[in-house]
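A, B, ... follow the sequence lines: proteins, then strands. Residue 1 opens every chain. Given the structure is predicted, the values throughout are model-derived calculations rather than measurements.
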Amino acid sequence: MERYEPLKIEEKWQKKWEEEKPYKAEIREGVPKKYIAEMFPYPSGAGLHVGHVRNFTIVDVLTRFYEQQRLSVLRPFGYDTFGLPAENYAIKTGTAPQEVTLTNIANFRNQAKRLGFAIDWDREINTSDPEYYKWTQWCFLQLFKKGLAYQKESYQWWCPEDQTVLANEQVENGKCWRCGHEVEKKKMKQWFFKITEYADELLSEIDALDWPDKIKTMQKNWIGKSTGAEIEFKLVTPSFSGRSGEVVSTSLNSITVFTTRPDTIYGATFLVVAPEYAELEYIVSDDARDAVMAYKQSALLKSEIERQENKEKTGVFTGAYALNPATNEKIPIYVADYVLSGYGTGAIMAVPAYDDRDREFAEKFDLPIIEADLCDFGQFGTPKTTYRMRDWLISRQRYWGCPIPIAYDKDGNPHAIPEEQLPVILPDIKDYKPDASGRSALAKAKDWLKVEVPVKDPKTGKIHMEEMTRETDTLDGYACSSWYLWRYVSPHDSEHAWGQEEISYWAPTDIYVGADHAVAHLLYIRFWCKFFADLGYLPFREPIKKLIYHGYINAPDGKKMSKSKGNVIDPLDVVDEGYGADTLRTYEMFIGPVELDAAWDPRSVGGVYRFLNRCFNLAPSEDDSDKTIAIRHKTIKKVTEDIYKCNFNTAVAALMEYVNELYKVGASQEDLVILAKLLKPFAPHLASEMLEKYNSDDEWPKWDEKYLVSDTVEIVVQVNGKLRAKLVVNSDDLEDEDKITEMALSDDKVKKFTSDGVKKTIFVKRAKILNIVV
RNA sequence: GGCCGGGUGGCGGAAUUGGUAUACGCGUUCGACUUAAAAUCGAAUGGGGAAACCCGUACGGGUUCAAGUCCCGUCCCGGCUACCA
């Protein structure tokens, strides 16, 4: 008999798919479409890991499932290539990131092709390709023109190791998400995207998304909407002593606080401002100035870790007072680092009777705690909604990123590079290393820095060319991935970021599969979607209909796979060992529920390999095919419904049951064709081989409910809820409760438990259960 | 500290959402084939017990004819978040 030789079969079919391009996506008017994608990978030098394989296989199962149902399916592939690893490698080895990236892409592509994914390879994109980032720059300019890309000088997270600023989302536990170095705060002028403009819509549309609740909750918390009020507290002169109502006459005469509990204002016994509070120096009294400034300095120097670890309240009295507008009492103003400058107004009214943090502070500094009555605050403040989310900091002082298409005139004002001049090409340089100057290595590309930009004279209206200096910061990599799902619909369009005809057919993405970026990427892409919808470029406001967020695959010891621990499973090794891609893919779908982490189990891989062998070795018998018709239709139904629900593990289990049954009772050719069709999303090479053998197409089979009801049914008989007997009756008898009850009561085993008489019986037809209560 | 998930055989996990607990796979044991081993095929496999039966879904209560599933309390484990006023 012919042996199952996966590597041979797989090579044959991969070659065929390479030549015939059966997975080329085409607009087919009138045919329902599915647009399915994974979060595109960062092509590291290490090649694909088993997590990628899980990610891509989920997409592939769904792609093939819909393709076999003859829907029009778009399943693209691309590479997210800008970022620190390639640049750090360049600094270390002197190899250009451009070159390393292309090598890594080639490796990823070859590996992906060996796993038999149904990808439309003509749509590959690469975010560091000028053809691509030309349009990232175009997107930036649209935001800039609408005032949603702007510069602001403020305290920013700074990673001293990577010599770059970081976004809030890139600081994890006070450490840089890339290198793990403790971050600092540094006052710098930076570029921001005004995502807060869409905070309300980003929040309110979350509920309607078909996304995992976990992700939805995380996004809600990140946006962090709070409703409350802003209340103005008039400043009292620092020298003031006794009479109330006298206010300072400097430019600053009040402090506005934000509170979610304005009704507690009668209990507000002091104010606190953040160390970074902009007007701090106008508040503080001369006596207190030295102490306050010293405190401010020490707070700025403290790393985020130190601030977090030491929750002990610290602070300094500013020597100044304000008037509580409700009580008209004079209350002291403190500066303390438990108040955050970036949230609300950077100042709070402290109500120690109602707020734990304020109470802690009051107790430490011996401030009054008043249990005041709640009130209607209307006369004191104005209602205000505040968000935890800040604007998105998008400039990076690094070389290997998308250049920001901006130039500065001699007065330092930013001007857009005209769209005709795009792309602003990232110049080749030799020395990639950033320095502490706060500028990227691009600052050293002297020739590149100079650019002629057309300027309109405000008086004459005439346009003249003016020499300017280019922006040397590059864009955060998340900018590149905030629109790539739309580029896939027309990846070679040299006139537009995306084509209107293509976008309205394919988009929004129906199913998006990933295991990371719960907040940042998925929030940014929603933000850009709403922005470009407002500009009329997108005919929808949410980019992703359904999100599948799968778990990680850990090492056999349950720990995270890592090179240093030496516990990494290389997926291509699994293939080359002789198991083949079909076993790898099917195993990763069988490994457990899609949303859970799972540990790699080499022995279970063998189990799946045995299963595929059994599929391959099944031969049709001459028997009539009707004896398997019930399980055949049951399996079609189960596998179909499971794939819709993304229960891939139980879908594979159902196929295993089917095969076990076919071994027991014999398989007809019809069984083998159905099996191959159902198996194809998981093990496409083997399934294609089987379908070819039986000269069948791969169209997804349908089940007929009539084959799922058998002539006889099994009735479970319980006594007081405990299983005591099983009756096999004709299906028609299900309607006859009396007959079933009589049969049950005359059963010998049941009789043993019902000798003291029967109180009542409960028959549930749906569950085929009869419970006898004694 | 706050929010959200979870605790089911030796292991990964099933269970039509209140209706036969442990599907499927791994492991283990036995058998067939083999000089032998591997591979393959077949059988068994929650615990206790000769058996009849009893006990079993983290623990303690409750609701119900019926609870892994619902309610109350307790204990663990995981994730996110972390002074957001």
Side-chain angles (χ1 to χ4, degrees), chain A residues 1 3 172-174 212-218 220-222 224-226 228 257-262 264 268 272 274 304 307-308 310-313 336-351 354-358 360-361 386-390 518-519 551 558 587 590-593 595-608 610-611 613-614 617 638 641 647 649-660 663-664 714-726 749 752 759-774:
Chain A
M1 199 209 287
R3 263 182 58 231
E172 294 167 350
N173 265 328
D213 286 337
K214 189 175 93 173
I215 310 298
K216 287 162 65 162
T217 308
M218 281 167 75
K220 280 185 198 169
N221 292 342
W222 184 261
K225 181 178 181 170
S226 296
V257 306
F258 172 75
T259 177
T260 54
R261 293 295 307 277
T264 63
V272 188
E304 194 63 9
R307 278 206 195 183
Q308 276 172 10
N310 188 8
K311 290 259 173 86
E312 177 89 2
K313 295 283 175 291
D337 69 1
Y338 83 93
V339 174
L340 308 175
S341 63
Y343 184 74
T345 61
I348 62 156
M349 65 176 206
V351 187
Y354 288 95
D355 185 281
D356 292 343
R357 298 153 302 187
D358 295 344
E360 227 181 280
F361 192 85
T386 302
Y387 297 91
R388 217 188 73 115
M389 181 170 66
R390 316 289 152 83
V519 174
Y587 169 66
F590 185 61
I591 196 168
E595 69 279 6
L596 297 187
D597 290 353
W600 188 268
D601 180 357
R603 290 183 301 204
S604 287
V605 178
V608 171
R610 274 192 283 280
F611 161 64
N613 259 290
R614 281 161 69 80
N617 291 328
K638 174 76 176 155
E641 291 180 347
N647 294 337
N649 55 332
T650 50
V652 175
L655 290 170
M656 288 172 167
E657 279 186 78
Y658 185 31
V659 169
N660 290 345
Y663 266 86
K664 262 182 209 140
E714 191 181 68
I715 304 278
V716 167
V717 183
Q718 299 177 329
V719 177
N720 284 349
K722 284 190 178 175
L723 173 71
R724 294 302 177 193
K726 291 178 183 178
K749 282 188 86 177
K752 278 176 66 179
K759 279 192 193 135
K760 63 170 170 174
T761 60
I762 291 144
F763 180 61
V764 186
K765 198 170 88 179
R766 172 184 51 85
K768 300 183 196 101
I769 268 192
L770 176 74
N771 193 12
I772 300 165
V773 186
V774 296

Worksheet, complete the sentence: For RNA chain B, consecutive-pair runs of 3 or more (Watson-Crick or G-U wobble, both H-bond-type distances under 3.5 Å) give B:1-7 with B:75-81, B:10-12 with B:24-26, B:27-32 with B:40-45, B:46-48 with B:53-55, B:58-62 with B:70-74
Worksheet item: Are any non-hydrogen side-chain atoms of Leu655(A) and Phe590(A) less than 4.5 angstrom apart?
Response: no
Worksheet item: Which value, in whole Å, describes the distance between the P atoms of nucleotides G78(B) and U20(B)?
Response: 33 Å
Worksheet item: So do Ile769(A) and Ile715(A) actually touch side chain to side chain, heavy atoms under 4.5 Å?
Response: no
Worksheet item: Taking protein heavy atoms under 4.0 Å as touching, what does nucleotides 18-32 of chain B look like 5' to 3' if B marks base contact, S marks sugar-phosphate-only contact and - marks none?
Response: -BB--BBSSS-----
Worksheet item: Could you state the CD-P distance from Glu595(A) to C80(B), rounded to the nearest angstrom?
Response: 16 Å
Worksheet entry | Separation between the P atoms of C72(B) and U28(B), rounded to whole Å | 44 Å
Worksheet item: Between Lys220(A) and C80(B), is there a side-chain N or O to OP1/OP2 distance below 4.0 Å?
Response: no
Discussion item. Contact between Tyr587(A) and Phe611(A) at the side-chain level, heavy atoms closer than 4.5 Å - yes or no?
Written reply: no
Discussion item. For the residue pair Lys313(A) and Phe361(A), would you count it as a cation-pi contact if the rule is NZ or CZ under 6.0 angstrom from the ring centre and within 45 degrees of the ring axis?
Written reply: no
Worksheet item: Say you pick atom C1' in U69(B) and the same atom in G19(B); how far apart are they, in whole Å?
Response: 11 Å
Fill in: U40(B) and A23(B), which share atom name C1', separated by this distance in whole Å
24 Å
Discussion item. With heavy-atom distances below 4.5 Å as the criterion, would you say the side chains of Lys638(A) and Thr650(A) are in contact?
Written reply: yes
Worksheet item: Is a donor-acceptor pair below 3.5 Å formed from side chain Lys313(A) to base C83(B), judging by atom type as modelled?
Response: yes
Worksheet, complete the sentence: Between Asn221(A) and Ile591(A), whichever has its closest RNA chain B nucleotide further toward 5' is Asn221(A)
Worksheet, complete the sentence: The answer to which of Asn720(A) and Tyr338(A) contacts RNA chain B further toward the 5' end, by nearest nucleotide, is Asn720(A)
